[in-house]
Amino acid sequence: MTTDLSASNPGIDTARRLLRLLRDRAAPEAYEALLDGCPAGELPHLRPLVDDALHVRDQLEERRRREDELAALYETAGDLSSLRDLEAVLQAIVRRGRVLLAADAAYMMLHDAQHDDNYVRVTDGIRTDAFKHARLAMGAGLGGLVAKTAVPYNTPDYLRDSRFDHTVDDVVSDEGLIAIQGVPLKLGERVIGVLFAANRSARPFSDHDVALLVSLANHAAIAIENATLFQEVQRAVDDLTEANAVIQAHSASVEQAASLHERLTSIVLHGGGMDDVAQNLAEVLGGSIFVLDPAGRVMAAVGGDPMVEHTSVGGSLPQESATARAVREACVLSSESRRTRRIPGTGTGTSACATAITAGTEALGSLALVRERLDAGDVRSLERAALVTALMLLSERSVAEAEHRLRGEILEDLLGAPHRDLEGLRRRAALMGLDLSRPHTVLAARCRGGGHRRAIADAAAAFAAQAKGLAGEYRGDVVVLLPGDHTPAETARSLAAHLSRNVSDAVTVGGASAAPGVDAVIEAHRDAAQCLDVLLALDRDGQGASPDELGIYGLLFSQAGREELHQFVHRIIGPVLDYDERRGCDLVRTLLTYFACDASLTRTAAGLFVHVNTLYQRMDRVTALLGPQWRHGDHALQVHLALKVHSVLDVH
């Protein structure tokens, strides 16, 4: 429509003002204000101009709004493509959807293939927890309908819309949502979820709003797929990295095992001992290494752990810390169960384990490793080392048994007179490092009852080796021959202490000096064995002495033969011995206790755990057998002496 305003100056002025309003993006009210006060004759000409200007203004505003939306979508696509964390991607999608549509809230539901339903994954502007954790079956509610049909749906009033099943009305009502728009998130033909925008007022969503949300959903689906693929790739990379670390650790473990096997094989071939095993294990594995016997005694130890210090062979853990106790207990348990055990209670940051050393069904001991951190490779290496250690222990046992037999044969030939081949005996003794042309100290050792003979022999052999001597079993005793002119009494006491400590029982030792020659050694052995008998008869278990220290008992046994002593005993206390044998009584023990208690009847009854009247009856019986003078003067001395001699003679 063309209007000629050239003749009217007010019309030209109004047109200029309309152009300025368009330039300044003025509100519609400003256009309407131009018509106020205009002459009535000009209104028919000015009204079309104002209407055209308003139309142009609306078109410009729509174009600018579309440009802003396209810019926002472009910016959204850029943001989403740069995100790699799936949670961050989903949050960005929902937040941008709410901003673009100027909605009160936005949220996203994703499909759960396992349960075949949809659940709320992320929200923006949602207030109630029930809504944030809502789930919808396929086809139920507006969201279920969108997910099932893959078609956008919107409603200006959710609670009154009858197009879908109302299954979560209480959740929606509590949140206060009224107008809701949902569009599908699609990857190809597959719907992976639904993107929603919602208002808490009855404000309908326009077609343009729907198109905008669909565009955002399309970008979002691609971004979700990219983020999911990136996470899968990252997991694959992590798995490969972990697998590579496992391979490297396994390779290092194999190299460690090969090195350890080579070292231990070399030790076996070159005749090394437990100290060599512990040292090489400590060098390869690090930490502290302990080799223990089945009873928990340390055979070898190497390491710098401050809680468990180094212990020499045959000793025990010196510092009873929590670590020391845990190591010992776990080693004993592993030895008994033939298994590898982790050791608890070894201190902060410290790990430890013990593995059994076995040969078939026999437990030979255990290996313990204490270190800051242990892995499966270290445990396997320790178990391999236990196999080699078992082989070494068996080899050492075979050598020890051979030496034990040889020592026994030498002692049997040396002490078992008569000798028909003295020169051959001297040569065989020389092979064992024994020079019979030199003075010797002869020692005889025994536990009461004759127990622990093998353990006593092994401990005595270690004691004798320090002085280049010989030790072995002979007629129920352990006999030690030490070259040189030692003091028999002091040496006997040292050996008794050493043996008692190693076998955990009282070991008694008698000692005597021997001049050069076989006969002198035989005689010294007889004296040492007799001294041992007297010590045991005198209840001096665990002590060591020589015949010179036995007083009257030593003199008696050195001056008289055993037959003469038997005659003396039966002459003095024979009736009491016969009575005990016939009646099964214990008058001999009653008399020994009586003299030990200085003839006090009250103390004697307490020592025998009998009533004093019972003791009176026994004492009356002794008086009837020995006569009324047995308690007095020289008679009492002879009775006491006969009782002691009888005890000595009765030892064997």
Side-chain angles (χ1 to χ4, degrees), residues 267 271-279 290-302 310-318 357 364-366 389-390 392-412 414 429 431-435 440-447 450-474 476-484 486-511 525 528 532 542-544:
I267 293 173
M274 291 298 104
D275 286 332
D276 298 312
V277 171
Q279 183 64 47
F290 300 92
V291 186
L292 287 84
D293 67 11
R297 291 186 294 264
V298 178
M299 295 188 288
V302 173
H310 177 80
T311 306
S312 60
V313 174
S316 58
L317 295 176
I357 304 171
L364 303 177
S366 52
T389 306
M392 294 182 62
L393 288 174
L394 290 176
S395 176
E396 288 183 357
R397 177 191 290 180
S398 298
V399 172
E401 288 177 348
E403 290 182 353
H404 185 76
R405 288 193 299 271
L406 184 57
R407 289 195 301 266
E409 291 172 0
I410 289 291
L411 288 174
E412 185 69 38
L414 176 61
L431 293 175
M432 297 293 295
L434 198 62
D435 185 1
H440 282 79
T441 298
V442 183
L443 303 134
R446 188 194 320 149
C447 272
H452 307 297
R453 280 192 299 180
R454 182 56 187 274
I456 295 173
D458 291 340
F463 183 89
Q466 297 178 355
K468 301 184 184 302
L470 176 69
E473 293 184 47
Y474 179 71
D477 292 341
V478 173
V479 179
V480 178
L481 274 67
L482 300 180
H486 302 278
T487 304
E490 293 298 328
T491 307
R493 280 188 279 274
S494 297
L495 179 59
H498 172 78
L499 298 179
S500 299
R501 183 171 57 252
N502 278 273
V503 302
S504 301
D505 200 354
V507 182
T508 310
V509 179
H525 168 257
L532 172 60
Q543 298 184 22

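Count residues from 1 along the sequence. All values derive from a computational prediction rather than experimental measurement.
- Rounding to the nearest 0.5 angstrom, the gap separating the NE2 atom in His525 from the CG atom in Leu443 is 10.5 Å.
- Nearest heavy-atom pair across Gly511 and Ala492 is N-CB, 4.2 Å.
- For Ser366 (side chain) and Ile357 (main-chain N/O), no donor-acceptor pair under 3.5 Å exists by modelled atom type.
- Of all non-hydrogen atoms in Thr441 and Gly484, the two that sit nearest each other are OG1-O, 3.8 Å.
- Rounding to the nearest 0.5 Å gives a distance of 8.5 Å between CG of Asp477 and CZ of Arg453.
- By the 4.5 Å heavy-atom criterion applied to side chains, Val302 and Asp275 are not counted as neighbours.
- Ring planes of Phe463 and His498: tilted class, angle from 30 to 60°.
- In terms of heavy atoms, Leu482 sits closest to Ala464 at CD2-CA, 3.9 Å.
- Between Gly544 and Ala496, the shortest heavy-atom distance links the atoms N-CB, 4.1 Å.
- With Leu499 as the fixed residue, the side chain to side chain contact (heavy atoms under 4.5 Å, CB included) test singles out one of Asp505, Val507, Val478, Asp458: Val507.
- The closest side-chain heavy-atom distance from Leu414 to Leu481 is below 4.5 Å.
- Residues Ala528 and Gly510 come closest through the heavy atom pair CB-O, 3.4 Å.
- Between Leu532 and Ala444, the shortest heavy-atom distance links the atoms CD2-O, 3.8 Å.
- Separation of atoms NE2 (His440) and CG (Leu470) is listed at 8.5 Å; rounding is to 0.5 Å.
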